[in-house]
Amino acid sequence: MVKHPVTPLLNQFLNFSTIGQWNFSIREAVNHGYAHKALTLFRQMKQNGVEPNNWTFPFLAKACTKVSNFKCSQIIHSHVMKSPFWSDVFVQTAMVDMYVKCNQLDDAYNLFVRMSMRDVASWNAILHGFAQSGFLDRVSCLLHDMRFSGIQPDSVTVMGLTRAVLHTKSLKLVKSLHSFAIQIGIDVDVLVANTWIAAYAKCGDFGLAEVVFNEIDIVTRTVVSWNSMIAGCANFVNFFGAVNYYKCMLHEGFRPDLSTIVSLLSSCVQPEALFQGCGQIGALELGKWIDNYSISNGLKDNLIICNAFIDMYAKCGCLNDARELFYAIPVRSLVSWTTMIAGCALNGEFTEALNLFSQMVELGLKPNHVTFLAALQACSHGGLLEKGWEYFGMMTRKYNICPGVDHYSCMVDLLGRRGKLKEALEFIHLMPIKPDPGIWGALLGACKVHRNVKIGEYVSHRLFELEPQVAAPYAEMANIYASKGRWDGVAAIRTMMKSNKVRKSPGQSLVQVKGKTHIFTVEHRDHPEGMLIYMMLDSLNLHLKKARLPLSYEVDMNCSEATLFSS
DNA sequence: GTAGGGTTAG
């Protein structure tokens with residue numbers, strides 16, 4: 001929110017004595033981004049002997065949601081309970097919303113069930129609470145109860161439902177929600193449309209996101225509509241699309257804001273952008289340009305933007321730029337630390353990553369599941385198995401964080417790199433969650449490195465069952481057979497691919513050097529400087545072997561039968 | 001002059 005210099009204006013009201021005048025100044029303070037001031041005004045009002053009324057509390061509740069302070073919320077709530085307006089539907093709904101936004105969902109729900117009267121806003125407030133936490137079951141029960149009690153869902157309800165569905169990433173659910181909304185005749189305004197754009201893009205149908213965007217009247221579109229399209233492109237690994245929408249947005253006279261920058265930056269770090277750049281301008285160049293734009297428009301002071309830049313620089317390989325930015329932040333958030341740890345892990349600075357983790361904890365910050373993922377990635381890329389176990393144990397025992405599929409994947413990768421294939425398989429079998437293709441893929445990769453046909457066969461068959469159309473596991477398994485001279489196995493895989501109608505596109509690497517894109521395709525060595533490049537790769541492989549780095553660092557130079565299927 | 005809504009960093 002843009003802050004206006006309203007403080008002097010507010011001060012002149014302090015001499016007023018009616019509740020209307022106090023309410024006005026409190027409202028003005030909240031609506032102009034001075035939530036703390038609003039709460040101070042309330043204190044002063046009480047000191048002046050003026051009692052709040054039913055209009056005061058919703059403003060105060062809003063102030064609490066802005067400062068996001070649970071204690072403040074409790075104080076305001078106690079004032080509500082002492083006032084004659086504790087049962088007012090506006091006041092109670094404001095209280096429910098206040099607890100939801102302060103992440104006190106239980107308190108919000110307890111309050112909600114005790115409400116003597118509820119209108120559509122009350123239902124929506126609690127529904128959004130459960131929706132943002134991804135409790136789809138609770139949300140659908142609420143929707144049922146709401147309709148049963150005679151309250152019709154409106155466009156705000158539909159947005160809450162969409163938010164809940166987003167957690168499932170199910171395109172089918174988004175589509176059925178869309179038709180439900182049309183069926184019950186809700187008013188599809190620009191806010192609803194923006195939600196659907198994001199929902200379709202996140203659930204994998206960018207075409208439908210574009211359809212919704214194009215259906216919004218040009219004059220009705222807001223900066224959020226454009227941001228949603230740019231973010232959608234970023235989700236969809238479509239760097240060029242993001243840049244294109246960005247250009248159109250500027251052409252239509254919209255000013256990029258914080259979200260635009262963040263989404264554009266996130267599209268910069270997509271593989272497509274990192275390798276290919278955009279025409280004459282590479283992803284890093286665009287990133288730097290966005291950097292300059294952000295500085296000159298005062299956006300660089302924002303922590304979210306800074307964190308996005310740290311991520312972008314780290315992913316573009318400019319760890320020094322990332323570091324510089326990280327250390328320049330006066331108050332770093334958990335996300336800043338996590339981004340930096342992940343950046344170090346990605347760029348091979350494993351010790352630095354783990355040191356940062358310790359520093360962060362010493363400062364009193366509590367690592368979350370993403371921080372642990374970054375730490376485990378550092379361990380896994382660095383081959384630090386013992387450290388990996390240490391973090392894995394710490395996360396479950398000390399921090400009570402339930403490991404997700406990605407954490408397990410890191411551990412499988414770690415065990416696999418060390419050649420502990422049996423242990424990795426046992427670990428997968430003991431996991432309390434269902435292994436996904438990523439986990440099996442990590443183990444299959446390790447089987448390839450350690451040429452283990454037996455476990456490789458078992459693992460690849462799990463993958464063939466899960467994703468029969470994906471070519472990579474067939475290729476990996478064929479390579480394992482080939483590395484052992486098992487041409488019968490290679491032939492069997494070929495037959496299986498044919499009968500399953502699996503098609504594979506040749507593996508390619510793209511590198512941008514001085515604005516020019518160089519493409520390397522499996523089995524083709526037709527680059528003008530191919531001779532020198534492949535000699536250098538041979539020499540690098542030799543050095544890696546001498547340095548006894550984890551085997552998976554080995555540059556894949558196989559050009560024999562083994563790579564016939566590599567992807 | 002009151003409550004519930006959209007995009008957005010790891």
Side-chain angles (χ1 to χ4, degrees), chain A residues 19-28 30-31 52-62 65 85 88-98 100-101 108 112 118-129 131-132 154-163 186-187 189-199 201-202 216 222-232 234-235 257-266 269 302-312 314-315 332-343 345-346 367-374 377:
Chain A
I19 181 63
Q21 286 157 344
W22 282 104
N23 282 348
F24 175 74
S25 50
I26 292 172
R27 189 196 66 187
E28 287 301 288
V30 179
N31 289 344
N53 67 6
N54 53 325
W55 301 84
T56 324
F57 292 118
F59 298 138
L60 293 172
K62 201 177 198 177
T65 66
F85 309 104
D88 181 281
V89 68
F90 274 77
V91 174
Q92 285 196 314
T93 302
M95 291 295 111
V96 170
D97 179 58
M98 177 180 78
V100 162
K101 298 222 171 95
F112 173 79
R118 304 181 192 107
D119 63 12
V120 65
S122 326
W123 285 96
N124 287 342
I126 194 67
L127 199 136
H128 270 264
Q132 73 185 12
D154 64 4
S155 56
V156 184
T157 321
V158 167
M159 284 161 77
L161 296 172
T162 313
R163 176 173 269 214
I186 67 140
D187 174 31
D189 60 14
V190 67
L191 279 82
V192 176
N194 292 342
T195 312
W196 283 341
I197 292 173
K202 279 186 184 149
I216 315 174
T222 64
V223 67
V224 179
S225 318
W226 290 96
N227 290 347
S228 305
M229 289 309 288
I230 295 170
N235 285 335
D257 68 0
L258 189 148
S259 300
T260 322
I261 301 299
V262 170
S263 301
L264 261 184
L265 278 175
S266 120
V269 297
N302 183 282
L303 187 59
I304 295 183
I305 295 234
C306 275
N307 294 339
F309 272 113
I310 294 174
D311 186 48
M312 186 275 290
K315 284 185 179 152
R332 297 171 202 118
S333 70
L334 179 63
V335 177
S336 324
W337 286 93
T338 306
T339 313
M340 199 59 218
I341 294 169
L346 186 72
N368 68 7
H369 66 287
V370 191
T371 324
F372 274 106
L373 186 61
Q377 276 163 351

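Every value quoted in this text rests on a predicted model; they were computed, and no experiment measured them. Proteins come first, then strands; the chains are lettered A, B, ... in the order of their sequence lines, and each starts at number 1. FYI, side chains are in, hydrogens and waters are out, and symmetry mates aren't considered; it's all heavy atoms of this structure.
- A distance-only check finds no donor-acceptor pair linking the side chain of A:Thr93 to the backbone of A:Phe90 [under 3.5 Å].
- Between A:Phe112 and A:Trp123, the ring planes lie perpendicular to each other; the angle is over 60°, past the 30° to 60° tilted range.
- Among B:dG1, B:dG6, B:dT7, the nucleotide with an atom closest to any side-chain atom of A:Ser225 is B:dG6.
- Put simply, the side chain of A:Asp119 gets close to the backbone of A:Ser122: a donor and an acceptor are under 3.5 Å apart.
- Using a 4.5 Å heavy-atom threshold, the side chains of A:Leu191 and A:Val156 count as separate.
- With hydrogens and angles ignored, a donor-acceptor pair under 3.5 angstrom links the side chain of A:Asn368 to the base of B:dG10.
- Rounded to an integer number of Å, the gap from CZ of A:Phe57 to P of B:dT2 is 17 Å.
- Residue A:Thr260 is out of contact with every strand shown, counting any heavy-atom pair closer than 4.0 Å.
- A:Met159 has its CE atom 9 Å from the P atom of B:dG5, to the nearest Å.
- Between the base of B:dG6 and the side chain of A:Asp189 there is no donor-acceptor pair shorter than 3.5 Å.
- Counting any heavy atom pair closer than 4.0 Å across all strands shown, A:Asp257 reaches no nucleic acid atom.
- Residue A:Val192 is in base contact, counting any heavy-atom pair closer than 4.0 Å across all strands shown.
- Looking at heavy-atom distances under 4.0 Å, A:Val96 makes no contact with the nucleic acid at all.
- Summarising the geometry, the separation between CE on A:Met229 and C1' on B:dT8 is reported as 16 Å, rounded to the nearest angstrom.
- Within the 3.5 Å criterion, the main-chain N or O of A:Val190 finds a donor-acceptor partner in the side chain of A:Asn194.
- Looking at heavy-atom distances under 4.0 Å, A:Leu334 makes contact with a base.
- At a threshold of 4.0 angstrom between heavy atoms, the contacts of A:Ala231 are confined to the sugar-phosphate backbone, with no base atom among them.
- A:Ser336 and A:Ser333 share a side-chain donor-acceptor pair at under 3.5 Å.
- At a threshold of 4.0 angstrom between heavy atoms, the contacts of A:Thr162 with the nucleic acid are absent.
- Checking B:dG1, B:dT7, B:dA9 against every side-chain atom of A:Asn23, the shortest atom distance belongs to B:dG1.
- Contact annotation: A:Lys62 reaches the phosphate of B:dA3 (side-chain N/O to OP1 or OP2, under 4.0 Å).
- In the set B:dG1, B:dG5, B:dG6, the nucleotide with an atom closest to the side chain of A:Val156 is B:dG5.
- Across the protein-nucleic acid pair, A:Asp311 atom CG and B:dT8 atom P stand 15 Å apart, rounded to whole Å.
- Checking B:dA3, B:dG10, B:dT7 against the side-chain heavy atoms of A:Lys315 singles out B:dG10 as nearest.
- If you check B:dG6, B:dT8, B:dA9 against the side chain of A:Val190, the one that comes closest is B:dG6.
- At B:dT8, one or more side-chain N or O atoms of A:Lys202 fall inside 4.0 Å of OP1 or OP2 (strictly under the cut-off).
- For A:Thr222 and B:dG6, a side-chain-to-base donor-acceptor distance below 3.5 Å is present, hydrogens and geometry of angles not being considered.
- Between the CD1 atom of A:Ile304 and the C1' atom of B:dT7 there is a distance of 11 Å, given to the nearest Å.
- Within 4.0 Å (heavy atoms only), A:Gly343 reaches no atom of the nucleic acid at all.
- Applying the 5.5 angstrom centroid cut-off and the 30 degree plane-angle cut-off, the aromatic ring of A:Phe24 is not stacked upon the base of B:dG1.
- Rounded to whole angstrom, the span from the CG atom of A:Leu346 across to the P atom of B:dA9 amounts to 18 Å.
- Between A:Arg163 and B:dG6 there is a side-chain polar atom (N or O) within less than 4.0 angstrom of OP1 or OP2.
- Residue A:Thr338 is classed as a base contact, given a heavy-atom separation below 4.0 Å to a base.
- A:Ile186 has its CD1 atom 14 Å from the P atom of B:dG6, to the nearest Å.
- The separation between A:Ile230 atom CD1 and B:dT7 atom P is 15 Å, rounded to whole Å.
- The side chain of A:Val335 approaches B:dA9 more closely than any other nucleotide in the set B:dT7, B:dG1, B:dA9.
- If you check distances only, the side chain of A:Ser259 does reach the base of B:dT7 with a donor-acceptor pair under 3.5 Å.
- Among residues two or more places apart in sequence or in another chain, the side chain to side chain donor-acceptor pair (under 3.5 Å) test is passed with A:Asp97 by A:Lys101.
- The residue A:Asp97 sits close only to the backbone: its heavy atoms come under 4.0 Å of sugar-phosphate atoms, none of a base.
- Here CE of A:Met312 is found 11.5 Å from CD1 of A:Ile305. Values are rounded to the nearest 0.5 Å.
- Checking B:dG1, B:dT8, B:dG5 against every side-chain atom of A:Leu258, the shortest atom distance belongs to B:dT8.
- Of the candidates B:dA3, B:dG10, B:dG5, the closest approach to any side-chain atom of A:Pro58 belongs to B:dA3.
- With B:dA3, B:dT8, B:dT2 as the choices, the nucleotide that has an atom nearest any side-chain atom of A:Phe59 turns out to be B:dT2.
- Taking side-chain N and O atoms only, A:Arg332 has no distance below 4.0 Å to OP1 or OP2 of B:dA9.
- Heavy atoms of A:Val224 sit under 4.0 angstrom from at least one base atom.
- Looking at heavy-atom distances under 4.0 Å, A:Asp88 makes no contact with the nucleic acid at all.
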